[in-house]
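Here is the structure we will look at, set down as structure tokens.
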Amino acid sequence: MKNVKGYLSMVLHTHLPFVNHPEDDNHIEEQWLYEAISETYLPLIKYFKMLVEEKVQFRITMSLTPPLLEMLDNKVQQEKYIRYLQKHIELCQKEIERTKYTNNQENELARYYYDRYSNDLYMFKDVFKCELIPQFKFLQDVGRLEIITCCATHGFLPMLYINEKNIEVQIKYGVETYKKYFGRKPRGIWLAECGYVPEVEKYLKKYEIEYFLTEMHGVIYSKPVPVYGVYSPIVTPRGVAVFGRNVGSTMEVWSNTTGYPGDSNYREFTRDIGYDLNYEYIKPYITHDGVRIPTGIKYYRVSDKMDNKDYYNLQRAKETAETHAYDYMQKSIKQIKMANEYTKGKPPIIVSMQDTELYGHWWYEGPYWLYILIKKIYYDQDEIDFITPGEYLDKYTELQVCEPAISSWGSGGTNAQWMECEYADIYIHLDIMAKRMCKLAKKYKNETDKLKIRALNQCAKELLLLQTSDWYFNLTCYRVMEYSYERINTHIERFNKLYEQIKDDKIDEEFLKDIEWKDSILNDLDYRIYQ
Amino acid sequence: MNKLEVIKADYNETKLSILITEVNWLLAYWTISKKYNNRFIKKYGEDFFERTKEILTVKNLKNGTEEKIELKEPTNNYYIKFNYSDSIYQVELSRVGKQDDKDYGYKIISNKIQSPNIKILIDDYNKSKIKFKNIKSGEELIETKYYKKNENSKEDVEKLYNDLIKPAWNAYKKENGYKEK
């Protein structure tokens, strides 16, 4: 029996924007999903299942966003992922040959990647039958994961709340999508980008969300001051619990300057054979139009030198992850002991929140680190334990009533990472389109014509897809600019074209069918919600 | 159309919106219909827009103050710095006479927004205002078994923030580009 003084709550946010191009066999942005499956989701599932088999008790919280769930459930995407793996296995075979007599270290790593991608293919296709959602569901059903939901299309609510219907729809269909895939209602929600404005609260209450998570200042800048800081959740006046991010515990694993991922024994993210090898050789494995992209096959470890990096050593990286897991555990225990002095006997909670993709995609050794951390906390000490926010609320029901502060986890703590004046036209589109959607819903609230109902639902989907926060983040960070503009313009065009067709009663069924096929998300959505 | 630009928002509707961008900055953006503008041309003449200037009035609805900003260049957006956290702001876009500030009734009003609180409210600590709630039963409580009389004094809370919370938060803010002012 553990003598628990406090708790560690690891909350992983699992999200990718909805990218679905059934019309194109080699759409580069679709690879975001395949990279995430191979580097993050499959390793995490593997380690979590190993822990279940080893009978190690642990509790992790994961959000799985509706766009990601829809993509994981998409048959075409599943087939494309299999082809992605087959291509990678083929490239690994070539690499094994290429390095056979010339470079032992590269050859050893090429064999490792060959085994890894081959195993991914076997697990995904033969064991999981291409279905990853049931794997997460299994882990929730056996009591190891607490899966929470997110906004329907990852809409950043502080940018959308001028029209409160936007908030309601984002939350309602976050909840509905969760129910569809997990057969129960979610207890918690990860508000996209941790974006909180007070207008959100009544819809969280309406859709029976018990808790949400904010960046640290969402809690510590609350009114009145929370007497336990972020070491206890607070509760809003309407009765929704709020957990604040413990940034100290987050930075250890999140920061690439002061955190663990920057250690020189870990795998270097930026160097990749997609950029390094002879163009003609690598050409079949980069984009169709010949743009070099990362392949996931990386031979080097982190070091300051840009060109002459040292080779990655798997064993050394594993040992470092073990040391870092021990360090994280010790720091967590120390923090809990200190916090305990102030919480007057109420066991404090450390809420450590990160993007799930940090584990494996950005920090290659992250999933193994988490596996070791869980085992160490289970076997090697008895002062802290894992807990999920939901479980904490079941144990400690009396919370301080506070008004959380307006906040996000973006740079600067507010909205600048999604909003800049040069994109003002986009925000006008967002406002007017939402207004038009509400008008349509009112005008056609009793509509019975099936074609028009389809068009109205698709209109709502186009608006929701335009609200995806990722496009705006990309624009302000100057990354994936062309594709982000393309997506923004596409959804604006599709919405407005449908809007005119509905108004004029001249719906082009072929056009509608085409965009229903491409933007096939939230298929249970009913436009009447916008009334 | 250039691949790195967005479709122009040309809806022929009139709307002025404001949103917070940073802790003490908001972005006002607007679109004005031809119909709205034509109303004033019809009433005051073809040179209405030459004779008038565009003004943004920033109102703090909590303390009743307001500030006027003259827009020198044609635009559909403007960054506005505000001074008070935890206040309610609203903006009006108007046109007034260039010479005499005459009000022609050209006025578009924005939504209202709350500005974020940007500090730990430790100085406002008042034990009598600390309330608890049982989240299962909904019952409101003055104190809990963890929060008894004579415990969690202002000094206790201050110490918690000084020892544990502020050091982590300050280090994070530094790394994450957080601005207080």
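Below, chain A is the first sequence line, B the second, and so on; all start at residue 1.
- Residue V401(A) touches chain B through both its backbone and its side chain, counting heavy-atom pairs closer than 4.5 Å.
- Residue contact with chain A, scored on non-hydrogen atoms closer than 4.5 Å, involves the backbone and the side chain of I120(B) alike.
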Point to revise | Verdict with reasoning, V58(B) to I18(B), per side chain to side chain contact (heavy atoms under 4.5 Å, CB included) | key: CA-CA 10 Å; V58(B) 187; I18(B) 53 172; over 6 Å; no
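- Most heavy-atom pairs under 4.5 Å with chain A: of the set K112(B), E140(B), K15(B), E139(B), this distinction falls to K15(B).
- Of the two parts of P226(A), the backbone and the side chain both hold a non-hydrogen atom closer than 4.5 Å to a non-hydrogen atom of chain B.
- Highest contact tally toward chain B, considering only E210(A), M338(A), M481(A), is held by M338(A) [criterion: heavy-atom pairs under 4.5 Å].
- Defined by atom type and a distance below 3.5 Å, a donor-acceptor pair is missing between the side-chain atoms of E22(B) and N415(A).
- Side-chain contact, Y423(A) with W471(A): no donor N or O sits under 3.5 Å from an acceptor N or O.
- Looking only at distances, no side-chain donor or acceptor of S222(A) sits under 3.5 Å from a matching main-chain atom of V225(A).
- Taking a 6.0 Å sphere around OH of Y78(B), one finds it holds 12 or fewer heavy atoms contributed by other residues, nucleotides or ligands.
- Of all heavy-atom pairs spanning I122(B) and K154(B), the tightest one is O-CE, 3.4 Å.
- Interface residue Y11(B): backbone and side-chain heavy atoms are both found under 4.5 Å from chain A.
- For chain A, the option among D10(B), T75(B), N76(B) with the highest count of heavy-atom pairs below 4.5 Å is N76(B).
- Proximity to chain B is absent for every atom of R487(A), based on heavy atoms less than 4.5 angstrom apart.
- By the 4.5 Å heavy-atom criterion applied to side chains, E175(B) and T258(A) are counted as neighbours.
- A side-chain N or O of S33(B) and one of T14(B) form a donor-acceptor pair less than 3.5 Å apart.
- In this structure, chain B has a heavy atom under 4.5 Å from the side chain of M433(A), while its backbone stays farther away.
- Of all the heavy atoms in Y231(A) and Y392(A), the pair that sits closest is O-OH, 4.0 Å.
- With a 4.5 angstrom heavy-atom cutoff, E199(A) does not touch chain B via any of its atoms.
- Contact annotation for I135(B): both backbone and side-chain heavy atoms come within less than 4.5 Å of a heavy atom of chain A.
- Contact annotation for P233(A): neither backbone nor side-chain heavy atoms come within less than 4.5 Å of a heavy atom of chain B.
- Listed here is the closest heavy atom pair of Y211(A) and G390(A): CE2-N, 3.7 Å.
- Neither the backbone nor the side chain of W25(B) comes within contact range of chain A; no heavy atom of the residue lies under 4.5 Å from a heavy atom of that chain.
- No side-chain donor from either of N60(B) and Q90(B) sits under 3.5 Å from a side-chain acceptor of the other.
- With a 4.5 Å cut-off on non-hydrogen atoms, Y161(A) touches chain B through its side chain but not through its backbone.
- Annotation: Q99(B), atom CD; neighbour count of heavy atoms from other residues, nucleotides and ligands within 6.0 Å does not exceed 12.
- Both the backbone and the side chain of L4(B) come within less than 4.5 Å of a heavy atom of chain A.
- A donor and an acceptor atom, one from each side chain of Y29(B) and D431(A), are located under 3.5 Å apart.
- Side-chain atoms of R95(B) and Y44(B) include no donor-acceptor pair closer than 3.5 Å.
- For D394(A), the parts lying under 4.5 angstrom from a heavy atom of chain B are both the backbone and the side chain.
- Heavy-atom distances place the side chain of N111(B), and not its backbone, under 4.5 Å from chain A.
- Residue contact with chain A, scored on non-hydrogen atoms closer than 4.5 Å, is absent for N126(B).
- If you measure heavy-atom distances from S110(B) to chain A, you find no contacts under 4.5 Å at all.
- Your options are A424(A), S249(A), P158(A), G229(A), and the one with the most heavy-atom pairs under 4.5 Å with chain B is G229(A).
- In this structure, the portion of I488(A) lying under 4.5 Å from any heavy atom of chain B is its side chain and not its backbone.
- When N246(A), I432(A), V197(A) are compared by the number of non-hydrogen pairs under 4.5 Å with chain B, I432(A) comes out ahead.
- When each of I492(A), L393(A), T250(A) is checked for heavy-atom pairs under 4.5 Å with chain B, L393(A) comes out on top.
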